[in-house]
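All remarks here apply to the structure that follows.
Just the heavy atoms: all of them, side chains too, but no hydrogens, waters or symmetry mates, feed the values below. When a residue number appears, it is its place in the shown sequence, counting from 1.
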Amino acid sequence: MPFSKDLLIGASGNQGGGFSPTACRFDASDADEMARTIGAPTNVDRWTCSWWQERTTSSFFEVAFAGRQNGTSYDNVFHQSSDNTLRLEAQDGGTSYSVYTNGGYVHGTWRNYVCQYDSANGTAGNRIKFFINGSQSAVSTRYSGQPASGRNSILNTENASFNIGHSPDYNGNANSKFSEFAFIDGTIVAASVFAEDNGGTWSAKDFAENVTFGNNGFYLTFQNSAALGEDSSGNDNDFALANIGADHQVKDDVPPSV
């Protein structure tokens, strides 16, 4: 049964004595960014991304991650400044798509966000789904709404860039801590694979052996302070860093875990 997003408590750290996450701090004022060039995808039309995020400020245009091919072809996943909703907005030349949560998510609390992208899905309303702490969010749309059938995601397009904490097109950055950042290329993965209800708290868990990452998949654990962009999926899809050093590693304020 999905876990209510309203029940996540503010406490952080390991709740169960086993798996223990690490986080990475991003500061918008310093233009902290991570980026990599995308390789040949397993499936350009299908992916799942799961990440934990604790926002530092609310009512702030905050980019979680973005894909960019050029100035008119991009995908952006961000918190909107006006209402704190989580949005995926995409552009293909003159066509824009936008799907966003009906609720907003303010600062100061760790939350697990999962976005599923499946443009080949025959039901248009199922092509982009958001899950917050295990519960599927109701969504609204604007512009052309959900992506067109079979629309290639720029976030999984060969030779495009995958950016964390920054959008080259929206000129946005993140004021946040991120943890357990995973991208699954070619597979729709349930939110319950990445985390679970642990005594009333939605908590991160060790999931890496239970997913197939696909060609462009990656898993950023932020465990190596000397290489915070290091991929732990086995794919070596490492990220280049800008303005992020070992001092950005965070171990004392992290998501709850089992």
Looking at CE of Met34 and CZ of Phe26, how far apart are the two atoms once the value is rounded to the nearest 0.5 Å? 4.0 Å
I'd like to know if Tyr74 and Phe65 are part of one continuous hydrophobic network [Ile/Leu/Val/Met/Phe/Trp/Tyr, side-chain heavy atoms within less than 4.5 Å]. no
Identify the two heavy atoms, one from Arg127 and one from Pro147, that lie closest to each other, and give their separation to 0.1 Å. NH1-O, 2.9 Å
Side-chain heavy atoms under 4.5 angstrom apart, residues restricted to Ile, Leu, Val, Met, Phe, Trp, Tyr: same cluster for Phe78 and Leu86? no
Would you say the side-chain atoms of Asp83 and Thr85 include a donor-acceptor pair closer than 3.5 Å? yes
Please check this pair: side chain of Asp92 against backbone of Thr95, looking for a donor-acceptor N/O pair closer than 3.5 Å. no
Please tell me if the side chains of Cys115 and Trp51 come closer than 4.5 Å, counting only heavy atoms from C-beta onward. yes
Please check this pair: side chain of Ser58 against backbone of His107, looking for a donor-acceptor N/O pair closer than 3.5 Å. yes
Are Asn84 and Ser59 close enough that some pair of their side-chain heavy atoms sits under 4.5 Å apart? yes
So Asp27 and Ser29, side chain to side chain donor-acceptor pair (under 3.5 Å) or not? Walk me through it. CA-CA 6 Å; Asp27 298 314; Ser29 59; 5.9 Å; no
May I ask you to decide if Asp118's main-chain N or O and Asp45's side chain share a donor-acceptor pair within less than 3.5 Å? no
If Ile, Leu, Val, Met, Phe, Trp and Tyr residues are connected whenever their side-chain heavy atoms lie under 4.5 Å apart, and connections chain through other members, are Ile38 and Phe181 in the same group? yes
May I ask you to decide if the ring planes of Tyr219 and Phe213 are parallel, tilted or perpendicular, using 30° and 60° as cut-offs? parallel
Considering non-hydrogen atoms only, spot the tightest contact between Arg55 and Phe60 and give its length. NH2-O, 3.0 Å
Rounded to the nearest 0.5 Å, what separation is found between the CZ atom of Phe207 and the OG atom of Ser50? 6.0 Å
Is it true that a side-chain atom of Thr48 and a backbone atom of Ile184 form a donor plus acceptor pair closer than 3.5 Å? no
Kindly compute the distance separating CD (Gln249) from CG (Asn224), expressed to the nearest 0.5 Å. 8.0 Å
NZ of Lys205 to CD of Glu196: how many Å apart, nearest 0.5 Å? 4.5 Å
If you look at every heavy atom in Asn43 and Asp185, which pair is closest and at what distance? N-OD1, 3.1 Å
May I ask you to check whether Trp47 and Asn156 show a side-chain donor-acceptor distance below 3.5 Å? no
Are Leu88 and Tyr105 linked, directly or through intermediate hydrophobic residues, by side-chain heavy-atom contacts shorter than 4.5 Å (ILVMFWY only)? yes
Is there a side-chain contact between His248 and Phe222 in this structure, where contact means two heavy atoms from C-beta onward sitting under 4.5 Å apart? no
So, do Gln80 and Glu89 sit near enough that their side-chain heavy atoms are less than 4.5 Å apart? no
Using a 3.5 Å distance criterion without hydrogens, assess whether the side chain of Asp75 forms a donor-acceptor pair with backbone atoms of Gly67. no
Minimum side-chain heavy-atom gap Asn175-His79 below 4.5 Å: no
Arg36 and Asn237 side chains, donor-acceptor separation under 3.5 Å: yes
Residues Glu230 and Leu220: closest non-hydrogen pair is O-CD2, 3.4 Å
With the 4.5 Å side-chain cut-off for hydrophobic clustering, are Val139 and Val77 part of the same group? yes
To the nearest 0.5 Å, atom CD of Gln136 lies from atom CZ of Phe130 at 11.0 Å
Do His166 and Asn173 pass the side-chain contact (heavy atoms from CB on, under 4.5 Å) test, and can you show the C-alpha distance, the side-chain angles, and the key distance before you say yes or no? CA-CA 4 Å; His166 172 63; Asn173 286 79; 3.5 Å; yes
How are the rings of Phe162 and Phe183 set relative to one another: parallel (under 30°), tilted (30 to 60°) or perpendicular (over 60°)? perpendicular
Exercise: identify the closest heavy-atom pair between Tyr170 and Ser167: N-OG, 3.0 Å
Strictly distance-based, threshold 3.5 Å: is any side-chain N or O of Asp32 a donor or acceptor partner for the main-chain N or O of Ile244? no
With Ser176 as reference, evaluate Glu54, Arg25, Glu62 under the side-chain hydrogen bond (donor to acceptor under 3.5 Å, both in side chains) test and give the passing residue. Glu62
Donor-acceptor contact below 3.5 Å, side chain Gln116 vs main chain Val189: yes
Go through the side-chain N and O atoms of Asn152 and Thr157 and say whether any donor and acceptor fall under 3.5 Å apart. no
Between the side chain of Asn163 and the main-chain N/O of Ala35, is any donor-acceptor distance below 3.5 Å? no
In this structure, CD of Glu180 is separated from CG of Asn112 (nearest 0.5 Å) by 9.5 Å
Quick check: closest heavy atoms across Trp52 and Ser203, and the distance to 0.1 Å? CZ2-C, 3.8 Å
Mark yes or no for whether Thr101, through its side chain, and Gly103, through its backbone, hold a donor-acceptor pair below 3.5 Å. yes
Does Asn133 reach the main-chain N or O of Arg111 with its side chain, forming a donor-acceptor pair under 3.5 Å? no
With heavy-atom distances below 4.5 Å as the criterion, would you say the side chains of Tyr117 and Leu155 are in contact? no
